Amino acid sequence: MSNKYILIIVTMNNYHKESQLISFLKQKVPHKEIRILSIMSGNDLYENTSNKIQCYENTTLISSVKEIESLIVNAYFIVGIHSPIIEEIVSYLAGKFGLSIFNKCSDFQYICDESKIYVYKNICGGRVEAEVVLSLSERPVFITLYNVECDCYSSNTDSVSCFYIDYSLIYNQKIKLISDYKSNHQKLELNDTKIVIAGGRGIQEKKDFELLEEIANCLNGAVAASRPAVDEGKASTEQQVGQTGKTIQPDFYFAIGISGAPQHIFGMRNSKTIIAINIDPNAQIFKYADYGIIADCKKIIPKFLQELKNSNNSL
Amino acid sequence: MQIIVCVKPVFNTKENIIIKNSNCILPPQNDYMINPFDEYAIEEALKIKDKNADTNILSVSYGEEKAESVVRFALALGVDRAVFTINTKQYFSIDSLRTAKILYDAIKNESFDCILMGKESSDLQNGAVGPILAAMLNIPIVTNVHHCIFTDDRVEVERYSSNCILQKLYVDLPCIITVTKGINIPRLATLKGIMSARNKPVLKLSEANFTDDYQISPVKYSYKKSRLDCQFISGDEKQIVSQIKDILGIK
């Protein structure tokens, strides 16, 4: 039992998250060895490998699926921070080795003495929380966490063994990565930002959406949109929040000109503080918001932006 | 081309979720609806069929008896035939591994070029069934795809992998692709489609052979806390903006 460890799965694009996850685990489950399985692809593999890998004491290249199996079955559990590719790989590995998998969990509790893990996950559009108890006595489980907030401390990488593997190897070379690059569309990942400024149908014109962009920049936040705004071409699909878009939980969510249809609420309901601006006092959004402003967003937005610029200038 | 589409019946968005005894979610009182992301998968299959008339589309679903309406809906859109494994326990499943095993059992004797499905369901939101199924079938999978082009022996796909990183990949067939919004605009069912759906074959299977995963026990469900009443902010524009800044904690 004592030669087991917690395995974390990362992709090199997420290096800062990797440090956060290690810090998070060291606080949450102290005194357990941590090992890293790093999935590398494309540019990472050939350019950045030596730089990133050098941080770790022991690094091993994995060149067969059998070696992955050995790494996985000897872990207490396997954890990653959610992203589409992490979810895909983690779920695939869970399927390959017949293990349970829970993605986008909000938290977990590992009870070492009982060899059990409690996993917490929001389901049904954030309306219900599921608490699942899994036995780890015979097999590990995979979990991905929605996000971790943790300050990183620098001596993170001491005594952490890192194993790395080419993405294609997982799929027996049947997938070829042609290119990957950081898209210009969205400067900040919606899942990552603390402040999200979302616009809906109530924002009449695309140029008014651009004002939201400027507000977001002042606040170091990101712009999101409801489905009608995306369908009308005022925002991109990547910015859509809702049932067919993203589900996010920022600290602050501004719902501007958004009526509050269930499909949209689905994607932002668990934001910590929701501020709604809508000209219609009967808009559904006010049932879900913490703060409501009944006003014409066309008047509030420019004023808000002006005030933010003044604040920035006076610093 | 032979395409399989996984279609999940889910709770309607407006439906009230009812939890019984803290450990079970009751089936919906109203009709099920089709998982929104699966609609994009069906449309993607139909687009291929539009170009190649000898494409055959099979849909596979797992749900309560009452969810057959969703299976018929897929047939009405243009899917050719369906397999429907009926869930007799009438409970909401959080076990993706088990669901994947059930779907695997339903399609293991089928030949196919590609399996399409939505990237995740709107109720469980786990996104794991596709990748698990791919592992069981020993075929590759790419998730979260918003653009794909099929050629004879492979698919060329585009998707966001993480942190705004856009990937372009080539995947050998047979494979699984899970799709997201933006890949297409789903068509509506026509009256002709609805009528012809009645005569299309639906093979019904039972889930009798599948036991619960011994690893998971038990599950506890609880409602997320609802918010307190909304606090309305009033005043002129200057005052409103000033109060917003207070809420954000900025001077």
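Naming convention: chains lettered A, B, ... in sequence-line order (proteins, then strands); numbering from 1 in each chain. Every value quoted in this text rests on a predicted model; they were computed, and no experiment measured them.
- Atoms CZ and OG, on A/F102 and B/S96 in that order, are 7.0 Å from each other to the nearest 0.5 Å.
- At a heavy-atom separation below 4.5 angstrom, chain A is approached by B/R159 within residues 147-159 of chain B.
- Heavy atoms of B/V142 lying under 4.5 Å from chain A belong to its backbone as well as its side chain.
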Worked verdict on A/T244 versus B/E39 for side chain to side chain contact (heavy atoms under 4.5 Å, CB included)
CA-CA 10 Å; A/T244 50; B/E39 286 193 69; over 6 Å; no
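- Of the two parts of B/I141, the backbone and the side chain both hold a non-hydrogen atom closer than 4.5 Å to a non-hydrogen atom of chain A.
- Ranking A/C105, A/P262, A/S179 against chain B, the residue ahead of the rest is A/S179, based on heavy-atom pairs under 4.5 Å.
- Between B/I244 atom CD1 and A/I293 atom CD1 the span is 3.5 Å, to the nearest 0.5 Å.
- In terms of heavy-atom pairs under 4.5 angstrom with chain B, the leader among A/K303, A/Q306, A/Q263 is A/K303.
- For chain B, the nearby part of A/T237 is the side chain; its heavy atoms alone come within less than 4.5 Å.
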I'd like to know whether A/I175 forms a side chain to side chain contact (heavy atoms under 4.5 Å, CB included) with B/D172, so could you lay out the CA-CA distance, the side-chain angles of the two residues, the decisive distance to 0.1 Å, and finally the verdict.
CA-CA 6 Å; A/I175 298 184; B/D172 291 347; over 6 Å; no
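- Atom CD1 of A/I275 sits about 5.5 Å away from atom CG of B/L248, to the nearest 0.5 Å.
- Listed options A/G125, A/G95, A/A295, A/G292 were ranked by heavy-atom pairs under 4.5 angstrom with chain B; first place goes to A/G292.
- With chain B as partner, the option from A/Q240, A/Q243, A/K104, A/R269 having the largest number of non-hydrogen pairs under 4.5 angstrom is A/Q243.
- In this structure, chain A has heavy atoms under 4.5 Å from both the backbone and the side chain of B/N138.
- Interface remark: B/I247 contributes backbone and side-chain atoms alike to the contact with chain A (heavy atom separation under 4.5 Å).
- A/R127 has no carboxylate O lying under 4.0 Å from a charged side-chain N of B/D123, or vice versa, which leaves the two without a salt bridge.
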Evaluate the criterion side chain to side chain contact (heavy atoms under 4.5 Å, CB included) for residue pair A/Y171 and B/I139; output intermediate values, then yes/no.
CA-CA 7 Å; A/Y171 299 111; B/I139 56 180; over 6 Å; no
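- No side-chain heavy atom of A/K174 sits under 4.5 Å from any side-chain heavy atom of B/V171.
- B/K224 contributes atom NZ, which lies 12.5 Å from atom SG of A/C124 (distance to the nearest 0.5 angstrom).
- Separation of atoms OG (B/S122) and CD1 (A/I123) is listed at 11.0 Å; rounding is to 0.5 Å.
- Between B/F232 and A/Y291, the distance separating the two ring centers is not shorter than 6.0 angstrom.
- Between A/I277 atom CD1 and B/I233 atom CD1 the span is 8.5 Å, to the nearest 0.5 Å.
- Among A/I101, A/D251, A/D290, the residue with the largest count of heavy-atom pairs under 4.5 Å with chain B is A/D290.
- Within the structure, ring pair (Phe, Tyr, Trp, His ring centres under 6.0 Å) contacts touching residues 12-45 of chain B (residues at least two apart or in different chains) do not occur.
- Contacts between B/K245 and chain A at a heavy-atom distance below 4.5 Å involve the side chain alone, from C-beta outward.
- For B/A134, the parts sitting under 4.5 Å from any heavy atom of chain A are the backbone and the side chain alike.
- In this structure, the side chain of A/E88 engages the main chain of B/T143 through a donor-acceptor pair within 3.5 Å.
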